[in-house]
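Counting starts at 1 for both ligands and their atoms, in listed order.
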Amino acid sequence: VSFEEDVLAKNALLAERNRGWFAGRRILALNLMSSPGSGKTTLLERTIRDIGQDVAVSVIEGDQETLLDAERIRATQCRVVQINTGSGCHLDAEMLAAGVRSLDPPPESVLMIENVGNLVCPSLFDLGERARVVIMSVTEGADKPLKYPHMFRSADLMIVNKTDLLPYVDFDVERCVELARRVNPEIEVLQLSATRGDGLDGWYDWLRAQQRQTV
Ligand SMILES: Nc1nc2c(ncn2[C@@H]2O[C@H](COP(=O)(O)OP(=O)(O)OP(=O)(O)O)[C@@H](O)[C@H]2O)c(=O)[nH]1
Ligand SMILES: [Mg+2]
């Protein structure tokens, strides 16, 4: 237990340093978390293509192995750095600081951080982000907010993705939202389909509102 406390205390210090660095440059840093395959990279690709002309976006990709997600982001002409965590299951503030040093995002830009895909460890590690976004997809089951409460409690926004699949799967959106609000009454909720494009306006409005609070 004390080892875990030491690790988290050190991480909290480094996260505050990151937060100060972002604040000084009015950079909006967002921590995107989800289970594997919920659509984090797909949503980022789409977002960059849709609003990348108006908003300077850069990306830090966290995965255990491979450059696959960074290559997908790079194909959109976006600045991106991949961090591989090896056996690690999350990004931490020190890794993020190293990624930020090599990415060097410009002032007043948006930094999207795609965390390692799982609903457990990433929630424990503050990266110095301004807001946390948890992405659920409708194939995962509506009970996830109750089973992984730390993730949903710490998130500012829950995105329910892949709504284009709702006709084919047994997923009760209302119940999922109710369970998310049970663990976190403050959580905001958006429903969208990153591939078909439904609901993306709400996501872009949310992003712009976050940006106004940062600048
Ligand atoms: N039908 C449907 N499929 C989607 C949607 N969004 C993403 N997908 C598909 O879901 C799969 C996984 O998407 P990714 O964007 O790679 O998911 P991820 O969360 O980045 O995955 P990891 O980085 O491995 O954790 C891909 O085959 C996507 O095409 C959606 O809105 N609808
Ligand atoms: Mg991904």
Side-chain angles (χ1 to χ4, degrees), residues 29-52 57-76 78-92 95-96 99 103 110-125 127 129 131-142 144-145 147-148 150-152 154-155 157-173 176-177 180 189-204 206-207:
L30 299 175
N31 186 357
L32 273 61
M33 298 177 279
S34 82
S35 49
S38 301
K40 300 179 292 300
T41 311
T42 306
L43 181 62
L44 287 178
E45 293 171 301
R46 177 81 191 222
T47 302
I48 294 158
R49 291 208 166 97
D50 285 353
I51 65 165
V57 181
S58 54
V59 177
I60 291 182
E61 283 291 344
D63 278 300
Q64 287 198 321
E65 297 286 346
T66 80
L67 302 175
L68 291 171
D69 281 2
E71 284 161 3
R72 287 170 61 186
I73 298 298
R74 191 162 291 124
T76 68
C78 182
R79 292 148 61 92
V80 59
V81 165
Q82 177 87 49
I83 299 172
N84 284 138
T85 59
S87 58
C89 51
H90 58 268
L91 293 174
D92 66 26
M95 294 174 206
L96 188 81
L103 189 64
V110 177
L111 174 64
M112 301 282 197
I113 305 157
E114 179 176 338
N115 219 312
V116 181
N118 77 77
L119 289 173
V120 183
C121 324
S123 74
L124 298 175
F125 287 80
L127 303 178
E129 69 273 16
R132 291 181 163 204
V133 180
V134 60
I135 302 172
M136 287 262 320
S137 62
V138 303
T139 53
E140 290 168 35
K144 293 304 166 288
K147 297 175 93 171
Y148 302 94
H150 296 290
M151 174 59 75
F152 291 83
S154 77
L157 171 67
M158 173 173 80
I159 289 177
V160 179
N161 187 32
K162 309 197 187 181
T163 54
D164 57 292
L165 299 180
L166 278 172
Y168 315 107
V169 293
D170 180 16
F171 184 88
D172 184 339
V173 179
C176 180
V177 173
V189 179
L190 291 171
Q191 297 179 42
L192 56 86
S193 165
T195 48
R196 207 165 63 182
D198 312 352
L200 285 174
D201 287 346
W203 163 236
Y204 299 141
W206 185 87
L207 277 179

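- Exactly one residue among Leu119, Leu157, Val160 makes a side-chain contact (heavy atoms from CB on, under 4.5 Å) with Val134. That residue is Leu119.
- Of all the heavy atoms of Leu43, none lies under 4.0 Å from any atom of ligand 1, so neither backbone nor side chain is involved.
- Counting only heavy atoms of the protein, atom 31 (O) of ligand 1 lies nearest to Ala194 N, 2.9 Å.
- In this structure, Ile113 CD1 and Glu61 CD are separated by 11.0 Å, a value rounded to the nearest 0.5 Å.
- The shortest heavy-atom contact between Arg74 and Val80 is NH2-O, 3.4 Å.
- Minimum interatomic distance between Ser58 and Cys78 (heavy atoms only, all atoms of both residues): CA-SG, 3.9 Å.
- Using a 4.0 Å cut-off between heavy atoms, Arg72 contacts ligand 1 through its side chain alone, with no backbone atom that close.
- Between the side chain of Asn118 and the backbone N or O of Cys89, at least one donor-acceptor pair lies under 3.5 Å.
- Note: Ile60 CD1 to Leu30 CG = 12.0 Å, rounded to the nearest 0.5 Å.
- Within a 4.0 Å radius of atom 22 (P) of ligand 1, the protein contributes at least one heavy atom.
- The shortest contact between atom 30 (C) of ligand 1 and any protein heavy atom is with Thr195 OG1, 3.1 Å.
- Proximity to Leu165 (heavy-atom distance under 4.0 Å) selects the following atoms of ligand 1: 1 (N).
- Side-chain contact of Thr163 with Arg196: a donor-acceptor pair under 3.5 Å is absent, judged by distance alone.
- Leu43 CG to Asp50 CG: the interatomic distance, rounded to the nearest 0.5 Å, is 9.5 Å.
- Going from atom CE of Met112 over to atom CG of Leu207 covers 4.5 Å, rounded to the nearest 0.5 Å.
- Nearest protein heavy-atom contact of atom 12 (C) of ligand 1 is Gly37 O, 3.4 Å.
- Nearest heavy atoms, Met136 versus Gly141: CE-O, 3.5 Å.
- The residue Leu192 has no part lying near ligand 1, judged by heavy-atom distances below 4.0 Å.
- Protein heavy atoms are found inside the 4.0 Å sphere centred on atom 4 (C) of ligand 1.
- At a 4.0 Å heavy-atom cut-off, ligand 1 touches Asp69 through the side chain alone.
- With hydrogens and angles ignored, the 3.5 Å screen pairs a side-chain donor or acceptor of Asn161 with a backbone N or O of Ser38.
- The closest protein non-hydrogen atom to atom 9 (C) of ligand 1 is Lys162 NZ, 3.9 Å.
- Phe171 places a side-chain heavy atom less than 4.5 Å from the side chain of Leu166.
- For the pair Gln191/Asp198, no side-chain contact is recorded, criterion being any heavy-atom separation below 4.5 Å from C-beta on.
- Ligand-side atoms of ligand 1 in range of Pro36: 25 (O), range being under 4.0 angstrom from any heavy atom.
- By the side chain to side chain contact (heavy atoms under 4.5 Å, CB included) test, Leu67 pairs with Glu71, Gln82, Asn84, sequence neighbours left out.
- Looking only at protein heavy atoms, the nearest one to atom 1 (N) of ligand 1 is Asp164 OD2, 2.8 Å.
- Atoms of the protein (N, O or S only) found under 2.8 Å from the Mg ion (ligand 2) are Thr41 OG1, Asp69 OD2, Glu114 OE2.
- Remark: minimum distance from atom 15 (O) of ligand 1 to any protein heavy atom is reached at Thr42 OG1, 2.5 Å.
- Proximity of Glu114 to ligand 1, defined as any heavy-atom pair under 4.0 Å, is confined to the side chain (atoms from C-beta onward).
- Scanning the protein heavy atoms around atom 6 (N) of ligand 1, the nearest turns out to be Asn161 ND2, 3.2 Å.
- Of all protein heavy atoms, the one closest to atom 19 (O) of ligand 1 is Lys40 NZ, 2.8 Å.
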